[in-house]
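Computation of the quantities below employed the complete heavy-atom set of this structure, encompassing side-chain atoms and omitting hydrogens, waters and symmetry-equivalent molecules. Just so we're on the same page: letters track the sequence lines, and every chain starts at 1.
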Amino acid sequence: MATRQSKARPRILRSVLENGASTALAAVLLIAWQVAVPLLGISEFVLPTPWAIIARIWNDFALLMQHAYVTGLEVVFGFGIAVLVGVPTGLTIFYSRLFEKAVYPLLVALQTIPKVVLAPLLVLYLGYDWAPKIFLAFLISFFPIVISTVVGLQTLEKAMVDLLRSMGATEMQTFFKLRLPTALPSIFGGFKVAISLAVIGAVIGEYVAAQRGLGYLQLQASSQFDTTLSFAAVVVISAMGVLMFSAVSFVESKVVFQREEAK
Amino acid sequence: MSAAMEVVGVATAQRTGKMAKGVAVHIEGVTKVYETRQGDEILALERTDLTIEPSEFVAVVGPSGCGKSTLLGLIAGLIPATSGRILLDGAEVTRPHPQTGVVFQSDLLLQWRTVTENILLPIEIKRRHTADYLPRVEQLLEQVGLQGFDSKYPTELSGGMRQRVAICRALVQQPGLLLMDEPFGALDALTREQMIMDLQAMWLSAGNTVLFITHGIEEAIFLADRVIVMSPRPGRVDLSLKIDIERPRRWKDHIDPRFVDYVAQVRKIFEAKGVLTER
Ligand SMILES: Nc1ncnc2c1ncn2[C@@H]1O[C@H](COP(=O)(O)OP(=O)(O)OP(=O)(O)O)[C@@H](O)[C@H]1O
Ligand SMILES: [Mg+2]
């Protein structure tokens, strides 16, 4: 108990210092930006000040949220489908020798293709509405989920499986009591990579052809030399990425055993 | 030979009194050939015969690679025999027998489960009510000196404590046959000494059959009713040495003339086989 407390104090102090340091640095950079723009006579069409971007987000909040809602849904659906398809695909690769030999190398090879270059083709095949954006978000987040699932399942020691077998466990019991809990940290690592990529996928899809969404809004703004709105869209897209990532992290903290806690 | 075994059987039955519920093990001409990935064949165990009486404590010593873990895996029903057969209470082993508990060299505790949850794992697997076993868990933890640690996680325990939990897990369902593969190999000398004494006490009160695999000659002689000496490549039984030292044994029995003589007998075999050489 005593050791725990004496350890906790410097840790809190350190985290305050570290967070404080990064906040301070960010503040300094923002202020420098704010001051430099008028000082160097940079036009607001080229680079708006941070304050102008914040003011714009405030003024056009309803508009931004209307488009954020569309992009957000695309991300959630694309990622959701990637989870629903990716995890079972990973399981099948793990359990089926044939599937592993036939499909896994192909998936690994396909993963190296930059998925965003498929965006124009997807529009061609799937139209201008939700479908190509959701599909791109799905496609781009699918691979990390499959691979992290397979890798997570493969990390298990054979002796552990023997232990459960010696108790008379069925494969179903071994899966739920041992394999899945062992693989979960890796699987959630994949989810976190995937959710960030899904945001990129949805926005790129909107760049190519759309009537709604933050990517569309940003493109519109740029074509009208409304750089401030374009920056505002960037901020909202980033915020959305952070929010989605935090949501996955939150679920992870509820589902996955925290190694740190036990230390 | 069979007369001698009869005597052992009677002696163990007397000692354990009402709790003579150990499983009888018969190994008949068992051979195990492994196939490596390169397609080579490795003869790990050759035509091995071994009988273990109910409630007998048998220790197996032998150099690394002589097939001790293979023997244990075969009895546990984890590895299929290439030829020959293994009977537990007269029934041939084709898959893990519900009466066996296994302790491996490493503790193999599940990190995300508390001590109690780890110990209850075999009960969950057998779909019994875990609540019924909570008093049993308490009793086991007390026997190994871990009372109060029930809700700790494995990472909060030392290596010795973790191995104790692994032993409790193997014993929770009161198995008729306890298989232990170098359970104390990774422990420091002091912890190991304590665990040896605790194991003897637990076995004396439980009365199950034990197969205990070890590298330690002294450890084997101290604990066992009978020590089996194996030699390598191909693995086979070289000597079956009955240990006539009364129970419960005390640590000072290590300097008993009989004990010293048993050690010398085992060492002689290893020297003859070139496992031990004096330079
Ligand atoms: N799965 C396997 N595939 C191929 N060969 C194996 C396999 N398991 C064991 N062997 C071989 O069988 C022989 C006996 O192995 P085993 O693990 O039974 O030895 P051991 O007596 O337990 O050794 P140690 O004391 O080092 O644990 C060794 O030569 C080993 O290389
Ligand atoms: Mg071994």
Side-chain angles (χ1 to χ4, degrees), chain A residues 1-8 11 97-98 100-101 148-149 151-189 191 249-263, chain B residues 69-70 72-80 93-115 117-128 130 151-157 162 165-166 169-173 175 177-183:
Chain A
M1 219 48 221
T3 52
R4 189 156 286 220
Q5 263 180 358
S6 60
K7 244 170 98 178
R11 198 191 291 166
R97 207 5 75 109
L98 178 71
E100 190 196 346
K101 287 269 179 300
S148 66
T149 303
V151 169
L153 289 168
Q154 284 172 342
T155 53
L156 189 58
E157 267 181 89
K158 185 175 172 295
M160 278 285 194
V161 180
D162 277 348
L163 173 76
L164 263 86
R165 279 215 296 142
S166 79
M167 296 173 186
T170 61
E171 181 47 47
M172 188 81 115
Q173 287 177 317
T174 306
F175 177 78
F176 283 109
K177 299 214 185 283
L178 181 63
R179 292 194 202 278
L180 188 62
T182 308
L184 273 183
S186 168
I187 293 177
F188 267 91
F191 285 175
S249 298
F250 176 76
V251 176
E252 179 186 34
S253 72
K254 294 285 152 204
V255 174
V256 179
F257 177 76
Q258 301 295 304
R259 267 164 234 275
E260 301 309 318
E261 251 171 37
K263 266 183 193 161
Chain B
S69 296
T70 302
L72 182 133
L74 287 160
I75 300 172
L78 296 171
I79 307 173
V93 174
T94 49
R95 61 194 146 91
H97 190 281
Q99 276 288 315
T100 45
V102 187
V103 180
F104 295 89
Q105 179 160 11
S106 59
D107 53 77
L108 301 178
L109 297 180
L110 306 184
Q111 303 296 302
W112 55 89
R113 283 174 168 248
T114 62
V115 165
E117 289 165 350
N118 264 292
I119 296 174
L120 288 172
L121 184 63
I123 304 302
E124 278 179 40
I125 298 288
K126 295 200 163 66
R127 299 181 207 280
R128 298 199 200 129
T130 51
S151 54
K152 294 263 187 264
Y153 284 92
T155 44
E156 297 172 293
L157 306 180
R162 284 204 292 269
V165 175
R169 178 179 60 193
L171 289 174
V172 69
Q173 38 133 6
L177 174 62
L178 180 62
L179 304 172
M180 307 179 94
D181 193 349
E182 296 181 35

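- The shortest heavy-atom contact between A:K177 and B:L110 is O-CD1, 3.9 Å.
- Results of the side chain to side chain contact (heavy atoms under 4.5 Å, CB included) test with A:S166 over B:L179, B:V103, B:V102 single out B:V102 as the only residue that passes.
- Contacts between B:Q105 and chain A at a heavy-atom distance below 4.5 Å are absent for every atom of the residue.
- Heavy atoms only, all atoms of each residue included: A:M167 and B:K126 are closest at O-NZ, 3.3 Å.
- Heavy-atom minimum distance, A:L178 versus B:W112: O-CH2, 3.9 Å.
- Heavy atoms closer than 4.5 Å to chain A are found nowhere in B:P98, neither backbone nor side chain.
- Of all heavy-atom pairs between B:L78 and A:D162, the closest is CD2-O, 3.5 Å.
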Give the intermediate values and the outcome of side-chain contact (heavy atoms from CB on, under 4.5 Å) for residues B:L121 and A:L164.
-> CA-CA 9 Å; B:L121 184 63; A:L164 263 86; 4.1 Å; yes

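- When all heavy atoms are compared, the tightest approach of B:P96 to A:R165 is CG-O, 3.0 Å.
- Note on B:A170, B:P122, B:P154: by heavy-atom pairs under 4.5 Å with chain A, the leading option is B:P122.
- Between A:L163 and B:L108, the shortest heavy-atom distance links the atoms CD2-O, 3.5 Å.
- Within the 4.5 angstrom heavy-atom criterion, only backbone atoms of B:L109 (N, CA, C, O) approach chain A.
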